[in-house]
Amino acid sequence: MNAAPGTDPRAGIGGCATPVPAEEQPQSACGTSSGVPRKETLTVEEAVFGLAPHASGGRQVLVPSWLFSVRGAGAGDAYTVTHPAVEPRFLSAPPAATPSGAPTPDTGTRDVKVDGYTAEGDELVVGFTGGVCSDYRATAVESGDRVKVTVTETPWPDAVCIKVAKFFHRTVRLDEPLGDRTVVGSDGKQVPLEKPGARLPH
């Protein structure tokens with residue numbers, strides 16, 4: 001990890017791959033003051049795939065990375081070391097300019113597909129899949145023969161987030177019990193009834 005070319009583990013969310021604190025290493029990012037990395041055996045306790053900030057084209061961007069939870073011999077708490085999961089050549093070139101008139105990425109809210117629902121009394125519980133670094137809000141519009149439910153996702157700004165999908169539930173209170181009305185999503189397609197015990201709420 002210390003000898004990874006062109007990378008500095010401290011640029012991620014973790015620290016240098018050595019139990020010596022970074023502030024005690026003024027001469028070298030991840031080695032001794034002579035520039036020769038000090039060899040040490042580390043134990044990788046966990047490795048997950050996610051996003052971490054790295055330099056690309058002279059600016060900080062979120063890059064698909066491996067996040068290693070490591071612990072040194074005789075060290076206390078484990079700490080995280082990141083390593084890009086992309087070829088270094090993709091991090092060296094400046095980002096391509098957006099052509100004039102081309103649409104820019106939308107980083108705001110978006111609708112999430114509703115996978116299923118259950119209803120009891122005037123409460124409608126909808127289930128959906130989403131990430132762990134967003135807020136979710138469910139709303140419903142009622143009519144005579146159907147209930148249109150919309151789940152809106154708002155990503156957390158500037159969050160360094162691991163790409164992990166989870167199943168969520170949100171409850172919407174209706175003006176009256178659902179009865180035999182059809183539940184549809186924001187796209188107008190019918191939402192199936194969720195089987196009891198199929199998924200656990202988070």
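When a residue number appears, it is its place in the shown sequence, counting from 1.
Across all non-hydrogen atoms, the minimal contact from Leu193 to Thr118 is CD1-CA, 4.2 Å. Annotation for Leu67 and Gly50: closest pair CD1-N, 4.1 Å, computed over non-hydrogen atoms. Closest of all the heavy-atom pairs between Val191 and Val184 is CG2-C, 3.7 Å. Of all heavy-atom pairs between Asp115 and Pro192, the closest is O-CG, 3.3 Å. Across all non-hydrogen atoms, the minimal contact from Val172 to Ala138 is CG2-CB, 3.5 Å. Between Pro64 and Leu51, the closest heavy-atom pair is N-CD2, 3.7 Å.
The structure places OG1 of Thr171 at 10.5 Å from CD of Glu120, a figure rounded to the nearest 0.5 Å. Atom CD of Glu194 sits about 3.5 Å away from atom NE2 of His169, to the nearest 0.5 Å. The distance from atom NZ of Lys148 to atom CG of Asp187, rounded to the nearest 0.5 Å, is 8.5 Å.
Every residue was checked against the salt bridge (Lys or Arg N to Asp or Glu O under 4.0 Å) condition with Glu46, not counting sequence neighbours, and none meets it. Residues passing the side chain to side chain donor-acceptor pair (under 3.5 Å) test with Asp122 are Arg173, sequence neighbours excluded. With sequence neighbours excluded, the residues forming a side chain to side chain donor-acceptor pair (under 3.5 Å) with Glu45 are Arg71, listed by chain and number. Partners of Asp135 under the salt bridge (Lys or Arg N to Asp or Glu O under 4.0 Å) rule, at least two apart in sequence or in another chain, do not exist in this structure. Legend: residues meeting ring-ring contact (aromatic ring centres under 6.0 Å, His included) with Trp66, ordered by chain and number and at least two apart, are Phe49. For Val147, the side-chain contact (heavy atoms from CB on, under 4.5 Å) test picks out Leu124, Ala140, Glu142, Leu174, Leu178, Arg181, with sequence neighbours left out.
Side-chain contact between Thr152 and Val112: absent, with no pair of heavy atoms (C-beta onward) separated by less than 4.5 Å. Residues Thr154 and Ser134 have side chains not in contact (no heavy-atom distance under 4.5 Å, counting atoms from C-beta outward). Side chains of Val149 and Val183 form a contact here, defined as non-hydrogen atoms less than 4.5 Å apart.
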Candidate pair Tyr136 and Phe128, rule ring pair (Phe, Tyr, Trp, His ring centres under 6.0 Å), full reasoning: CA-CA 10 Å; Tyr136 298 95; Phe128 57 93; 5.1 Å; yes
